[in-house]
Asker: 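Attaching a single structure in structure tokens format; questions to follow.
Here the structure is a predicted model, which means the values were calculated and not measured. Count residues from 1 along the sequence.
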Amino acid sequence: MDWSIAIMGLFVGLLVGLTGVGGAALLTPLLVLLGIQPTVAVATDLFYNSVTKLFGSFQHYRQKTINFTLTKYLAFGSIPSAVAAILLLELYPPLHSIQETIVKHTLGIVLIIVAILSIAKQWIGRLDSNRWQEKPMEEKRWMTIGIGILLGFIVGLTSIGSGSLFALAMMFFFRLRAAELVGTDIAHAFLLVSAAGLMHAGFGNIDYGLAFNLLAGSIPGVLVGSGLSAKLPAKPLRTIMAAIILISGFKLI
């Protein structure tokens, strides 16, 4: 057991439990800024996320709060796209030679986007109904797959966005109950990060010791943070976390 890594996991888990901000947006840049190779940080975070999302998916399955049709169409686009992003970096020599630079800078850009969208979401609130939400799912099938392709490629490169970016897309384009939005987001994220994690595992990019030490700290951290969240103001905390993510993004560019 590496207690310094476990304590870092505890810190991240506590903040995730308190704010609901995605763990990848906090953990991946922190690992890179601490000197972990960007590709290893991304791969390890995908594996770490797969384990945590598994438990969340199981709970939402029991609660019947997963929209399986939406999950299916998003996964049809996102999984092949994430796999393609990883293969492109690993097997295409001109990109592979600058892989770490690409991952680091892309990570920074995505963090900035996620931070800005997170702040906007906190202070604007839930989006009003629009014409896209009114359309039946079958009419939005190819659009949904397209969203999966675009955002899945980003997740494959950075490990970030499997929850936050997809959740924002679902809020805008689909009419879902709050619990169903969360459940569908977690179930799809589990499929996506697991597929991307398996690809990275095949290339030997995952640091399993690092991942399990992080899990040892983050699981109790999330539980404690979730318990404290009801007693602390949500919006200011989430805005502060988004600001931290924004600063991390600029540091990585």
Side-chain angles (χ1 to χ4, degrees), residues 12 15-28 45-46 48-50 52-57 59-61 63 65-79 81-82 110-130 132-133 137 140 143-196 222 225-226 229 234-235 237-239 241-242 245-246 249:
V12 171
L15 292 176
V16 170
L18 280 171
T19 66
V21 175
L26 295 169
L27 184 59
T28 308
D45 185 72
L46 286 166
Y48 163 90
N49 259 301
S50 177
T52 55
K53 294 286 193 299
L54 173 63
F55 292 100
S57 299
Q59 181 62 30
H60 280 282
Y61 174 77
Q63 294 171 185
T65 48
I66 298 174
N67 184 318
F68 287 102
T69 303
L70 178 54
T71 300
K72 175 181 69 176
Y73 287 140
L74 286 172
F76 279 169
S78 66
I79 291 175
S81 183
V110 173
L111 283 170
I112 292 169
I113 293 170
V114 167
I116 293 170
L117 291 175
S118 297
I119 293 170
K121 180 184 171 187
Q122 287 306 308
W123 296 102
I124 293 173
R126 189 171 178 83
L127 294 166
D128 293 330
S129 178
N130 59 65
W132 290 106
Q133 291 183 359
M137 176 59 71
K140 298 185 287 190
M143 181 199 73
T144 306
I145 294 172
I147 290 170
I149 291 171
L150 174 63
L151 300 184
F153 194 85
I154 293 171
V155 174
L157 286 177
T158 66
S159 82
I160 293 172
S162 64
S164 54
L165 294 180
F166 277 96
L168 288 166
M170 284 190 274
M171 283 178 64
F172 186 83
F173 291 108
F174 306 95
R175 183 181 295 281
L176 299 168
R177 293 178 291 111
E180 191 179 21
L181 172 67
V182 174
T184 303
D185 189 38
I186 289 175
H188 168 260
F190 167 68
L191 297 175
L192 175 55
V193 300
S194 297
V222 168
S226 299
S229 62
K235 278 189 177 181
L237 279 172
R238 289 174 184 169
T239 303
M241 286 312 307
I245 291 169
L246 185 66

Asker: Identify the heavy atoms of S81 and G148 that sit nearest to each other, and give their distance.
Answerer: CB-O, 4.4 Å

Asker: Which donor-acceptor pairs under 3.5 Å do the side chains of residues 178-189 make with protein atoms, sequence neighbours left out?
Answerer:
residue : atom : partner : partner atom : Å
T184    : OG1  : N67     : N            : 2.9
T184    : OG1  : E180    : O            : 2.7
H188    : NE2  : S78     : OG           : 2.8

Asker: Taking the side chain as every heavy atom from C-beta outward, state whether M137 and F174 have any atom pair closer than 4.5 Å.
Answerer: yes

Asker: Against S159, only a single residue in D45, I154, V193, L27 fulfils side chain to side chain contact (heavy atoms under 4.5 Å, CB included); can you say which?
Answerer: D45

Asker: Return the minimal non-hydrogen interatomic distance between I245 and A115, and the atom names on each side.
Answerer: CG2-CB, 4.0 Å

Asker: Do you know the tightest heavy-atom contact between I79 and A195?
Answerer: CG2-CB, 3.7 Å

Asker: For F166 and L192, which heavy atoms make the closest approach, and how far apart are they?
Answerer: CE1-CD2, 3.7 Å

Asker: Roughly how far apart are M170 CE and I147 CD1, rounded to 0.5 Å?
Answerer: 9.5 Å

Asker: Give a yes or no on whether the backbone of N49 and the side-chain of T52 come within a donor-acceptor separation of less than 3.5 Å.
Answerer: yes

Asker: Do L74 and L151 come within less than 4.5 Å of each other through their side chains, counting heavy atoms only?
Answerer: no

Asker: State, yes or no, whether a side-chain contact exists between V110 and L157 at a heavy-atom distance under 4.5 Å.
Answerer: no

Asker: Start with the C-alpha gap between L46 and V155, add the side-chain angles, then the distance that decides, and say whether side-chain contact (heavy atoms from CB on, under 4.5 Å) holds.
Answerer: CA-CA 9 Å; L46 286 166; V155 174; 4.3 Å; yes

Asker: Does any part of the side chain of F173, heavy atoms only, come nearer than 4.5 Å to the side chain of T144, both counted from C-beta?
Answerer: no

Asker: What's the shortest heavy-atom distance between A75 and L191, and which atoms?
Answerer: CB-CD1, 4.3 Å

Asker: CG of L70 to NZ of K140: how many Å apart, nearest 0.5 Å?
Answerer: 8.0 Å

Asker: Would T28 and T158 satisfy side-chain contact (heavy atoms from CB on, under 4.5 Å), going step by step from the backbone distance to the final call?
Answerer: CA-CA 8 Å; T28 308; T158 66; over 6 Å; no

